[in-house]
Amino acid sequence: MMRLLMLAARNLTRNLRRSLLTGAAIAFGLTAMIMMITLQEGSYAEMLRSGISMLAGHVVIEHPDYAEEAEPELVVTDITALGERLHEVLPDAVVAPRMQIGGLLTSPTNSVGVGLQGVNAAAEKQVTDFDDKLVQGEWLDDADDRGILIGAALADRLDVGIGDKVVFMGQGKGSEVESQLFRVRGIFKTGGAELDGFVGMTTLAPTQALNHTPDSAHQVTLHLKNPKLAAEARDRARSVTPPEWKVMTWDEAMPDIVALIRLDRFSGDVMMAVIGVIVAMGVLNTVLMSVMERIREFGVLLGIGMRPGRVASIVLLEGLVLGFVATVVGIGCGIVAAYPLVTYGLDYTAFMGSETMEMEGIVVSSVIKGAYGWNRIAGYGVAAIGFTVLSAIYPAYYITRLEPVEAMRSV
Amino acid sequence: MSIVSVRNLQRTYQQGTITVKALNGVDLDIDSGEFTVLMGPSGSGKTTLLNCIGGLDTPSSGSVVIDGTELGKLTKGELSDLRLHKLGFVFQSYNLIPVLSAYENAEFVLLLQGVPPKERRERVMQTLKDVGLEGMEHRRPGELSGGQQQRVAVARAIAGRPALVLADEPTANLDSKTGHALIELMKHLNDVHGITFVFATHDPKVMDAAKRVVQLVDGKIESDDRR
Ligand SMILES: Nc1ncnc2c1ncn2[C@@H]1O[C@H](COP(=O)(O)OP(=O)(O)O)[C@@H](O)[C@H]1O
Ligand SMILES: [Mg+2]
C-alpha cells in the first residue's frame, strides 16, 4: 500500500504542471470558501452575542407561558431570594432581571406607543453595551426610580431632551391603567429602528410598581464569562429555581435566531457544494485525461498479474494524494487569508452610515469580525478530499473494465 | 511433465463482417526447462497464441492448461493471480512503469506476490545482476537504452520465479546486435537457471539459438523441431 501511494504520488509529478493547476483550483476554491464562511460565522457570532446580551442572556428564567403569551402577569416572583441562590451556585455569572410593559409615553407635544423595559441598572451595564450607545445624558441609577432612557428617534418625536418630563401610561397585571411620571435621564442611539424609536428603559422598581408585582421580573437573565458552559449553568440554575419557572439556555430561549442561523449556514453549505461539484468536474476531466494517456501502462500492470481493483486503486490514490495536498494547502491559505478578517474585522460602517446595523431585528456592530468556524473548515476539507477522490472513481472504474490485451494494444 | 498443454485451440476475431481465424486448431505441449521459439510471419497468430497461453486472451474453443490448471475455468481474478505467480511476461515494448526505477520495476511483481522485504531486496539485486544491469538499479526507464529497458523487463519477468516466461517479439524494437544479446541473455538464463521460455519472433536469424522451433502459419502449427 505504501508503494502504491508512492507510485500514485510519482505519477502526479509526471505532468507536474497539470497536477499543480488542478491542485491549485481545489486549493483556491477552499481558500475562498474559508474566507466566506469565516465572515459568515463572524456575523452569526455577533448576532448571537448581541441577541444574548440584549434578549436572553446565556441562561434565562421565566414563567413557562411568558415566551408564548407575554402577558404582564406572567412573572417570576421572589427574585431577590432567587438572585441570592443563583449567586451561590454561579458566583461568576451576572444576574440581570428584566421587566417589559407596553404602554404609551406622553410628552406635552406628543404620545407614542412604547415598550418600557425595567432593568437592574448595575447588572445591565455589565452585560450589555447599551450604556455605550448613550449620546446624551447618563446611565440609569438603581436609586433613581424616576429616570428613563429613551432612543434618539423617540426623543425627537416626543420633542423632549435631558431632564424633561414624560408620562408613561400602561396596563400592568389586572386591567387598571397605571401611569407614572419619568424624567429623561439619557438618550441612546443604537441604529436599530425599533430600539431607537419605540423603547424606553428604566429601573426595575417603577416597572414592578406599574405591574403590581413587587420583587418580580418577566425574565431573570444570567450572563456567563464562558458561553460554552451555558448548559451546565442552566442545570445549576435549575437546581435552585422553584420548579414552576422555566430555565432555558440561550438557544432554547431564542429558537428563531438559532434556526435562522442554521438555515443560513445550510444555504451557504449548499452553495459551496455547488462550487465543489463544478471544481470536481474539472478534476474528473483531468484525471480521466491522465488515465487515457496511460492505458497501455495499466494494461501492462494487468498483464503481469496485478488485480484490476489494485490497478484502479492507483488512480484513486492519485486522487487522494492530490486532494489531500491541495486541501492542506487550501486550508492553510484560507486560515492565513481570513486572519485579518478575524483580527480586524470587516467594516460595514461606510455602507451602513452608522456604527451599528440591524441583522434580523437584532442590532449589531457595523464592524463584523470574522470567526473561524473550525467544524465547518474541517468539514469542507473532508469534502474537498472526498470530491477529488469521487472524481477519480469513474476513471478508476474504467480501468477495471479494461482487457489487458486491448489496453496494451493502445500506445 | 508439461508446463503448458494446448489442445485444439481456436481463436477467431470478428472484424466487421469478416471472420479472422487467428488460431485454427493448435496443439502444443511445452516442458519445463525448454527454450521454445515460436516462428512465423507477421499475422500468423504468434501473439494470439502467447496471449491465450498467458491468460490475456480468451480462446474461442479448445483448452489451455498451465501447470495443471485449466485457464478456461478460472475467474478474472484467479487468472490475474495465475499470471502473477506462474507466468512472466516480456512484451514487445513499453514494458516498464516510467516513474519507477529499474530496481522498483523488477521489484513490483515481488511486491504483488507479497515476498518479505529482505528476501525481496536480495532477489531483485541478484536478478538485476543476472541480466547485466548491476549499478543501474536507480535509473528510470527514460535513462536506459532500449536494450537495457528490455533487460529490466526480463528481470521483472523472472524475478517472481515463474514456471514459464512468455516473450512476444521482445527484440522487435532493438537493433540486431542488441536484440541478439538479449536472446543470448535469455538463453543463458535458460541454460544456467533452467527457466522455461516461450519466445515469439519473425526474425529467422533467432532460430539458431533455439532448442526447439515451432513454426506457425495462418494460425496452424506447420512444423515443430527439437534439436
Ligand atoms: N483484436 C483483434 N481483432 C481482429 N483481428 C485480430 C485481433 N488480433 C489479431 N487479429 C488478427 O489475427 C491474426 C493473427 O494476429 P497475431 O496473433 O497478432 O499475429 P502475429 O503476432 O503472428 O503477427 C492477424 O490476421 C490479425 O489481424
Ligand atoms: Mg505479434
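By convention in this document, chain letters (A, B, ...) are assigned in the order of the sequence lines, proteins followed by strands, and residues within each chain are numbered from 1.
Distance check, rounded to the nearest 0.5 Å: CG of Asp81(B) to CE of Met306(A) gives 12.0 Å.
Proximity to chain A involves both the backbone and the side chain of Asp57(B), based on heavy atoms less than 4.5 angstrom apart. No part of Gln113(B) comes within reach of chain A, as not one of its non-hydrogen atoms sits under 4.5 angstrom from that chain.
Other residues, nucleotides and ligands contribute over 12 non-hydrogen atoms within 6.0 Å of the NE2 atom of His85(B). Atom CG of Asn8(B) is surrounded by more than 12 heavy atoms from other residues, nucleotides or ligands within 6.0 Å. More than 12 heavy atoms of other residues, nucleotides or ligands shown are found within 6.0 angstrom of CZ on Arg18(A). In this structure, Tyr372(A) places its OH atom where more than 12 heavy-atom neighbours from other residues, nucleotides or ligands lie under 6.0 Å away. No more than 12 heavy atoms of other residues, nucleotides or ligands sit less than 6.0 Å from atom OH of Tyr394(A). When the shell of 6.0 Å around NZ of Lys129(B) is examined, it contains 12 or fewer heavy atoms from other residues, nucleotides or ligands.
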Under the criterion side-chain contact (heavy atoms from CB on, under 4.5 Å), I'd like the reasoning laid out for Arg310(A) against Leu112(B): C-alpha separation, chi angles, the key distance, then a yes or no. CA-CA 10 Å; Arg310(A) 291 192 89 184; Leu112(B) 294 179; 3.5 Å; yes
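Looking at Pro98(B) and Arg14(A), their side chains come closer than 4.5 Å, going by heavy atoms from C-beta outward. Contact of the Ile97(B) side chain with the Leu7(A) side chain is registered, since non-hydrogen atoms from C-beta on lie closer than 4.5 Å. Taking 4.5 Å as the limit, some side-chain heavy atom of Ile304(A) sits within range of a side-chain heavy atom of Arg156(B).
Shown are Glu403(A), Glu406(A), Met408(A); of these, the side chain to side chain contact (heavy atoms under 4.5 Å, CB included) with Leu56(B) is made only by Met408(A).
Arg83(B) places a side-chain N or O within 3.5 Å of a backbone atom of Leu302(A) that can act as its donor or acceptor partner. Within the 3.5 Å criterion, the main-chain N or O of Val99(B) finds a donor-acceptor partner in the side chain of Arg10(A).
A salt bridge does not link Arg3(A) to Glu104(B): none of the charged nitrogens lies less than 4.0 Å from a carboxylate oxygen.
Most heavy-atom pairs under 4.5 Å with chain A: of the set Ser93(B), Gly88(B), Ala157(B), this distinction falls to Ser93(B).
Between Met6(A) and Leu100(B), the shortest heavy-atom contact is CE-CD2, 3.9 Å.
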